[in-house]
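Only one structure is covered here, and it is reproduced in the block below.
This is a predicted model, so every value here is computed, not measured.
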Amino acid sequence: MIQGIYLGAQGMNALMQKQDQIANNMANVYTSGFKQSGLFIKSYEKYVANDKLQPFANREIKADQVYVDHSEGPLKKTGNTFDLAIRGVGFFSVMSPNGVAYTRNGHFSVDSEGFVVNSEGWKVLGKEGYLRVDSDKGGVSVNENGELQQAGEQLDTFRIADFKKPYALIRCGTSCFQPHLPDDLE
């Protein structure tokens, strides 16, 4: 009988963790570039023998693994030059306080120094370094190949990175990720 109460408590604990994941997904439903997460729950059975050598099952229910759904989200035209999207695979590269981070959130802007930044203020990386525009020149555009152009001159290209599948990424910030292992980068 105590085994049943213990098993029920384990199940409720795992479901509370799953509810936390759902609440986080709902809280961020309008966050640009947010990737929803879920939780796998696993049931374990261990067989042991009692004093009379009659086997019985000792069951455990545990939260097993949190996963992130990295599928492509819906695209929405905003008219902002720096609202970008990646079709297919890949992540924009940004410089976080803890090193390079990766995001599918293409809602960028230009800071007071002319650097292209994400919503957290982290600088966006191009193939040549940080992306930067000159506010005096005007006429900024980004073509379908990710090339940043200003006044007819190509400044740089957005650095797009991808990782080995399935993605082994950990969250760092609202919609940014870092690889679990450094060699996961393709």
Side-chain angles (χ1 to χ4, degrees), residues 10-44 60-78 80-113 115-132 142 146 148 156-186:
Q10 286 180 339
M12 286 188 288
N13 187 32
L15 290 174
M16 276 186 3
Q17 291 178 29
K18 188 167 189 153
Q19 185 177 4
D20 289 344
Q21 294 293 325
I22 293 168
N24 185 48
N25 292 340
M26 290 178 64
N28 288 289
V29 73
Y30 293 113
T31 302
S32 179
F34 179 79
K35 296 297 180 187
Q36 73 175 353
S37 59
L39 181 72
F40 289 119
I41 297 175
K42 203 174 221 181
S43 174
Y44 300 94
E60 290 185 32
I61 298 174
K62 293 183 176 181
D64 187 45
Q65 181 181 2
V66 174
Y67 66 90
V68 177
D69 180 4
H70 288 284
S71 61
E72 190 174 312
L75 301 179
K76 184 172 115 179
K77 190 170 187 145
T78 64
N80 181 355
T81 302
F82 290 105
D83 280 348
L84 307 173
I86 298 173
R87 288 191 186 265
V89 297
F91 295 81
F92 294 107
S93 303
V94 297
M95 185 56 76
S96 79
N98 298 320
V100 179
Y102 303 93
T103 183
R104 297 232 357 141
N105 182 356
H107 179 66
F108 302 126
S109 60
V110 178
D111 69 8
S112 60
E113 298 173 1
F115 289 105
V116 179
V117 295
N118 71 353
S119 55
E120 297 183 44
W122 300 346
K123 294 177 183 172
V124 179
L125 295 168
K127 291 184 177 179
E128 305 295 324
Y130 297 127
L131 294 174
R132 190 171 189 183
V142 179
L148 179 63
D156 202 347
T157 303
F158 282 81
R159 186 192 311 175
I160 306 298
D162 199 16
F163 302 90
K164 295 176 185 174
K165 313 305 183 275
Y167 292 130
L169 302 173
I170 52 177
R171 287 190 191 274
C172 66
T174 306
S175 60
C176 293
F177 300 89
Q178 288 182 318
H180 184 66
L181 300 171
D183 61 344
D184 284 344
L185 190 63
E186 286 187 338

Can you name the one residue among Val110, Thr157, Asp156 that meets side chain to side chain contact (heavy atoms under 4.5 Å, CB included) with Leu131?
Asp156
What closest approach, in Å, do Pro179 and Leu169 show between heavy atoms, and which atom pair accounts for it?
CA-CD2, 3.6 Å
Just jot down the side-chain contact (heavy atoms from CB on, under 4.5 Å) partners of Asp111, sequence neighbours excluded, or say none.
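Residues passing side-chain contact (heavy atoms from CB on, under 4.5 Å) with Asp111: Glu113, Phe115, Val117.
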Considering only distance and modelled atom types, tabulate donor-acceptor pairs under 3.5 Å from the side chains of residues 80-95, sequence neighbours left out.
{"from": "Asn80", "atom 1": "OD1", "to": "Phe82", "atom 2": "N", "distance (Å)": "3.0"}
{"from": "Asp83", "atom 1": "OD1", "to": "His107", "atom 2": "ND1", "distance (Å)": "2.6"}
{"from": "Asp83", "atom 1": "OD2", "to": "Thr78", "atom 2": "OG1", "distance (Å)": "2.7"}
{"from": "Ser93", "atom 1": "OG", "to": "Arg159", "atom 2": "O", "distance (Å)": "3.2"}

For the side chain of Gln178 and the backbone of Val100, is there at least one donor-acceptor N/O pair under 3.5 Å apart?
yes
Show every donor-acceptor pair shorter than 3.5 Å between a side-chain atom in residues 118-129 and any protein atom, with sequence neighbours excluded, or say none if there are none.
{"from": "Asn118", "atom 1": "OD1", "to": "Glu120", "atom 2": "N", "distance (Å)": "3.0"}
{"from": "Asn118", "atom 1": "OD1", "to": "Gly121", "atom 2": "N", "distance (Å)": "3.1"}
{"from": "Asn118", "atom 1": "OD1", "to": "Trp122", "atom 2": "N", "distance (Å)": "2.9"}
{"from": "Glu120", "atom 1": "OE2", "to": "Thr174", "atom 2": "N", "distance (Å)": "2.9"}

Atom CD of Gln17: over 12 foreign heavy atoms under 6.0 Å:
yes
Ring-plane angle category for Phe158 and Phe108, please: parallel below 30°, perpendicular beyond 60°, tilted otherwise.
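Because their plane-to-plane angle is under 30°, the rings of Phe158 and Phe108 count as parallel.
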